[in-house]
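This report concerns only the one structure given below.
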Amino acid sequence: MIKDAFSIVGVCIGALKIPEKWCPGSLDFCFNSHNIMHIIVVMAVYPMHQSTVKDLLWMNRGQCCSKSEHAE
């Protein structure tokens, strides 16, 4: 859910070019909408990484599947 919200915010900032509209010419190199989009992408990937690590730890414990599923 959080990653979806980050994605929506990133798309809106990129499509609307919000900072550049407010301060034309002063944000060409730093803090423009494209740079903000990259920061938001990293923020969206981090919760996915945390979830993946939790899933891998859970799978490593051997409790994710019953033994009858492995026999089939």
Side-chain angles (χ1 to χ4, degrees):
M1 181 72 180
I2 291 175
K3 65 182 184 298
D4 296 331
F6 281 135
S7 298
I8 291 169
V9 169
V11 165
C12 291
I13 287 174
L16 297 175
K17 299 193 182 294
I18 291 175
E20 292 92 339
K21 282 185 180 180
W22 296 335
C23 306
S26 63
L27 300 171
D28 291 341
F29 296 109
C30 183
F31 204 64
N32 58 31
S33 61
H34 190 80
N35 291 343
I36 294 171
M37 180 269 306
H38 281 288
I39 292 168
I40 291 174
V41 165
V42 171
M43 291 170 62
V45 169
Y46 185 68
M48 271 196 311
H49 169 72
Q50 287 180 319
S51 299
T52 302
V53 168
K54 286 180 184 178
D55 285 344
L56 291 173
L57 290 173
W58 174 70
M59 289 170 56
N60 195 30
R61 288 191 318 215
Q63 298 174 352
C64 66
C65 304
S66 66
K67 299 214 182 264
S68 63
E69 290 178 4
H70 288 294
E72 294 177 2

Are [X] and [Y] grouped together when hydrophobic residues (ILVMFWY) are joined by side-chain heavy atoms under 4.5 angstrom apart?
X   : Y   : result
V9  : I36 : yes
F31 : V41 : no
L56 : V45 : no
L16 : I13 : yes

> When rounded to the nearest 0.5 angstrom, what is the spacing between CG in N35 and CD1 in I40?
Replying inline: 11.0 Å

> Nearest 0.5 Å, what's the NE2-OG distance between H38 and S33?
Replying inline: 10.0 Å

